[in-house]
Protein chains: 2
Amino acid sequence: MNVSNLHYVIFIFFLILDMIEQSGRNLNKGISADCVIFGFDFEKIQVLLIERNPVHSQKPEYALPGDLIYDDENLDHAAGRVLKELTGLTDIFLEQLGAFGDPNRLDKDADQKWLKTVRSNPDVRVITVAYFALVNLRSFNPRPSHFARNVVWKPLNEIRELAFDHLEILNSAKKRLKTNLDLRPIGFNLLPEKFTLTQLHKLYEAIQGKEIDKRNFRRKMAKLKIVERLNDKQRGVPHKPSNYYCFNLENYNKLVEEGFNNFGF
Amino acid sequence: MNVSNLHYVIFIFFLILDMIEQSGRNLNKGISADCVIFGFDFEKIQVLLIERNPVHSQKPEYALPGDLIYDDENLDHAAGRVLKELTGLTDIFLEQLGAFGDPNRLDKDADQKWLKTVRSNPDVRVITVAYFALVNLRSFNPRPSHFARNVVWKPLNEIRELAFDHLEILNSAKKRLKTNLDLRPIGFNLLPEKFTLTQLHKLYEAIQGKEIDKRNFRRKMAKLKIVERLNDKQRGVPHKPSNYYCFNLENYNKLVEEGFNNFGF
DNA sequence: GCAAAAGTGTTAACTGTACACCCATGA
DNA sequence: TCATGGGTGTACAGTTAACACTTTTGC
């Protein structure tokens, strides 16, 4: 059995576990959990979207991944389940954004047509609880799930249109990401365990949407001591290799205890 | 007809208007809106709670005001309705905190007993969307409503216990109030239109839970130009009368446009 | 004239910001 | 040796933080 076969077997194994776990449970038809999943490719912030088969038009339509919740399931768990189905990842940064529940949020024509193909009660009012998640783009390959045949990364700044009220949810997540970055070192969730200061710097610029002076950025990071220099550098790059760093959680916790809260630029 | 009679007639008039507006609508049995309503008495932050008649015990039990939403009603509107029923106020600062939906959030013994007396389906799972509101304590007298016979102000720092998961919601609101105060001049919603700098100063201290130097506080307020000195001072106080000020929205908007966002101390 | 809260300035430490050049590597 | 991005220091401006006394009023 080769490695690829093994992956397949493991995948099926977990699928069966999920089926066992979920058998005999009732869906709550009035409440869903949708996830805004952010990733970073060292250039731009990306968002994980599901591609919806266009019912009549030719151009593809996109939506945030989400699913109805089970009636005995708490909200955070439902969001974690969506995330796990699409990414295979657990233990990921995941926080609630809020509830979105306009009575007519599902009423757009294209949305209704699509709902009729996937839900047993397309007319019932659904309130969604939105989450935002931060993941390291390189740590997995998006995979299809029962609510999504195709899963794709889209650059955050190029998304102009989404199904339902998902654009509103996305904008809310974008704002939250930006304001939170000044309050706590949330950005490290978007990077691999070891990273270069240039990658971290670009991440801050991408989220803030503005240039930050390289020397000032590095000085502040050094002063805060929330990154730790590793004895390891890039290899095979056609320029001076960059040193790797990792996030130092203990030093961050110390800062918080002291009441420090300005992580912005 | 005297003033007190007139108030009564007006109250009944609006009650009838509400009944007409709500007749023929269906309640959504699975979703409620709860409000954390903060007020400030120039000394402490207060929270508006409803008093629940204890079913078996003698000590009174308190809960956040809230109600099931109507099926054709959006979430913000439902929260506004709760606020209006209790306070008579509209156009109040009101923002969503998030959804709270543990499957067992209604399962505490005392809560179940109480629910059986007021709801037709006490066993159904209810997810609540929590809001926080900021009001000027002096601008109204709390009044009973269809979901609350007694309404009382309680000092925020003395609340140790609430029905359901309301203590969790309250703590979330408390945190939100505190962190938001550094980002925007949210505190003015807790004061009357004209106020003294000492009142504003005490408000900041009450929310931040720490002392702030009087001179530094006043200097920063003066520099920001978000308060405007009025030609009016306290009268009849047994000490130097304090000048009144009002909030200057235009100057605040100017600051925001310039990208300024540090309103903290 | 006394009690009570209002109102006011200065200094030192720190933080943020602007800015330009040398370094290590692969090709 | 050249192209590429990595890495560093200094000076000035603005902000924060600590601190004590005089003023105005009612009684």
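Per chain, numbering begins at 1; letters A, B, ... match sequence-line order.
- Annotation for B:Tyr252 and B:Phe263: closest pair CE1-CZ, 3.4 Å, computed over non-hydrogen atoms.
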Problem set entry | Step-by-step side chain to side chain contact (heavy atoms under 4.5 Å, CB included) determination, B:Phe40 to B:Lys202 | CA-CA 10 Å; B:Phe40 181 59; B:Lys202 280 190 178 166; 4.2 Å; yes
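- Atom NE2 in A:His201 sits about 14 Å away from atom P in D:dT8, given to the nearest Å.
- Side-chain N/O atoms of A:Ser242 include none lying less than 4.0 angstrom from OP1 or OP2 on D:dG5.
- The distance between atom CD1 of B:Ile212 and atom P of D:dT16, rounded to the nearest whole Å, is 12 Å.
- Rounded to an integer number of Å, the gap from CG of B:Leu197 to C1' of D:dT23 is 16 Å.
- Rounded to a whole Å, the CD atom of A:Glu211 is 11 Å from the P atom of C:dA18.
- Between B:Glu51 and B:Asn150, the side chains place no donor N or O within less than 3.5 Å of an acceptor N or O (distance only, hydrogens not considered).
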For this session: Give the B/S/- string for nucleotides 19-27 of chain C, one per nucleotide from 5' to 3', where a protein heavy atom under 4.0 Å of the base yields B, of only the sugar-phosphate yields S, and otherwise -.
Result: BB--BBBS-
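- Following rounding to the nearest Å, B:Leu200 (CG) and C:dG7 (P) show an atom-to-atom distance of 12 Å.
- As judged by a 4.0 angstrom heavy-atom cut-off over every strand, A:Thr196 is placed among residues making no nucleic acid contact.
- At least one side-chain nitrogen or oxygen of B:Thr198 sits closer than 4.0 Å to the OP1 or OP2 atom of C:dA6.
- In this structure, CD1 on B:Ile159 lies 8.0 Å from NZ on B:Lys154, to the nearest 0.5 angstrom.
- Classification of A:Glu158 and A:Lys44 as a salt-bridged pair holds, one side-chain N sitting under 4.0 Å from a carboxylate O.
- Rounded to whole Å, atom C1' of D:dA18 lies 16 Å from atom NZ of B:Lys220.
- Atom-to-atom, CG of B:Asn262 to C1' of D:dT15 comes out at 9 Å; the value is rounded to the nearest Å.
- When each of B:Tyr244, B:Phe188, B:Tyr245 is paired with B:Phe195, the ring pair (Phe, Tyr, Trp, His ring centres under 6.0 Å) condition holds for B:Phe188 and for no other.
- When side chains are defined from C-beta on, B:Lys220 counts as touching B:Phe265, because their heavy atoms get closer than 4.5 Å.
- The nearest whole Å value for the distance from the CZ atom in B:Arg218 to the C1' atom in D:dC21 is 15 Å.
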